Amino acid sequence: MAEDGARPAPVPGHAAIIMDGNGRWARQRGLPREAGHREGARSVRDIVRACREWGVRALTLYAFSWQNWDRPSAEVEALMGLLAEFLADEREEILTNQIRLHAIGRLHRIPAPVRTLLDALMAESAGNQGMILTLALSYGGRESIVDAVNHRLASGFRHDTPAPVTEEELTGLLPTGILPPVDLVIRTSGELRVSNFLLWECAYAEFFFTPTLWPDFRRAELRAVFEDFSGRQRRYGQVSPPSR
Ligand code: FPP
């Protein structure tokens with residue numbers, strides 16, 4: 001196995017992570033849930049840095065689901081506060097390292113002060129070519145598909161006979177349309193679910209589930225996951241490995 005800082009090869013082009021287990025991490029230590037989220041934000045920083053260093057083209061993090069709005073308001077506020085801190089603290093590093101920040105989800109619900117930081121950093125980093133860091137915020141996979149279809153229907157009504165929608169068109173209408181296909185989805189905390197994450201985009205992704213709670217998930221384990229991924233044989237529904 002490689003040294004901690006060494007680059008695993010080959011890395012997935014697009015890795016997506018369901019960051020789960022912050023609450024359990026806190027409970028195991030007799031701490032409030034918010035403490036788990038705060039430690040989880042440290043993992044976010046480490047994983048983003050590692051992916052950038054190792055040449056991952058796109059990293060998508062499930063930071064806040066559409067369903068998470070139903071959590072107690074104090075927890076929602078704590079999560080929004082951590083997001084604001086992340087955007088302010090990491091701004092310099094994101095820009096210096098040529099990272100493009102992107103966000104997917106029903107962003108209209110994000111509180112205005114956080115939204116302002118988010119919009120500003122997305123605009124400032126829009127031309128960066130190093131890695132696309134996508135934060136799934138106020139996000140749901142089904143909601144995302146519904147919104148794309150409704151958008152298409154609304155524009156289709158301008159024509160007498162709207163053209164049938166194609167797979168390529170729907171892919172492009174989704175907010176993930178600017179990203180490469182998802183190669184690998186990682187979920188921490190031992191849960192074996194997709195939880196409404198990138199439902200359309202995961203069609204040919206590989207999955208990796210680890211019992212590690214998100215606040216304990218750092219680059220050493222990510223490197224091991226990537227090494228496992230590099231040994232997978234992807235067939236895309238065919239009988240022998242296609243030359244993609
Ligand atoms: C799931 O753990 C995690 C979340 C709902 C939020 C993820 C947020 C962070 C990692 C920190 C802030 C994010 C950024 C981008 C700075 P859970 O609360 O459902 O854990 P549990 O299942 O153990 O209760």
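Indexing begins at 1, ligand by ligand and atom by atom, following the structure's order. The structure displayed is predicted, hence computed values, not measured ones.
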Inset, instruction - Would you check if the side chain of Thr60 reaches a backbone N or O of Ala16 as a donor-acceptor pair within less than 3.5 Å? - result: no
Legend entry - Asp228 with Arg232: basic N within carboxylate O range, under 4.0 Å: yes
Inset, instruction - Heavy-atom distances under 4.0 Å are what count here, so tell me which part of Glu34 touches ligand 1: side chain, backbone, both or neither. - result: neither
Inset, instruction - Look only at interatomic distance and state if Tyr62 has a nitrogen or oxygen under 3.5 Å from any nitrogen or oxygen of ligand 1. - result: no
Inset, instruction - Name all residues meeting the ring-ring contact (aromatic ring centres under 6.0 Å, His included) criterion together with Trp214; count only those two or more places apart in sequence or in a different chain, and write none if there are none. - result: Phe217
Inset, instruction - Check whether any heavy atom of Arg27 sits under 4.0 Å from an atom of ligand 1. - result: no
Legend entry - Proximity of Asn68 to ligand 1 by residue part, where a heavy atom lies under 4.0 Å: side chain
Inset, instruction - Measure Leu61 to ligand 1 on non-hydrogen atoms and call it side chain, backbone, both or neither using the 4.0 Å cut-off. - result: neither
Legend entry - Any N or O of Ala41 closer than 3.5 Å to N or O of ligand 1: no
Legend entry - Whether Ala63 lies under 4.0 Å from ligand 1, heavy atom: yes
Legend entry - Contact check, Trp214 vs ligand 1, heavy-atom distance below 4.0 Å: yes
Inset, instruction - Using distance alone, decide if ligand 1 has a nitrogen or oxygen within less than 3.5 Å of any nitrogen or oxygen in Asp20. - result: yes
Inset, instruction - Mark the output for Glu85 as yes if a heavy-atom distance to ligand 1 is under 4.0 Å, and as no if none is. - result: no
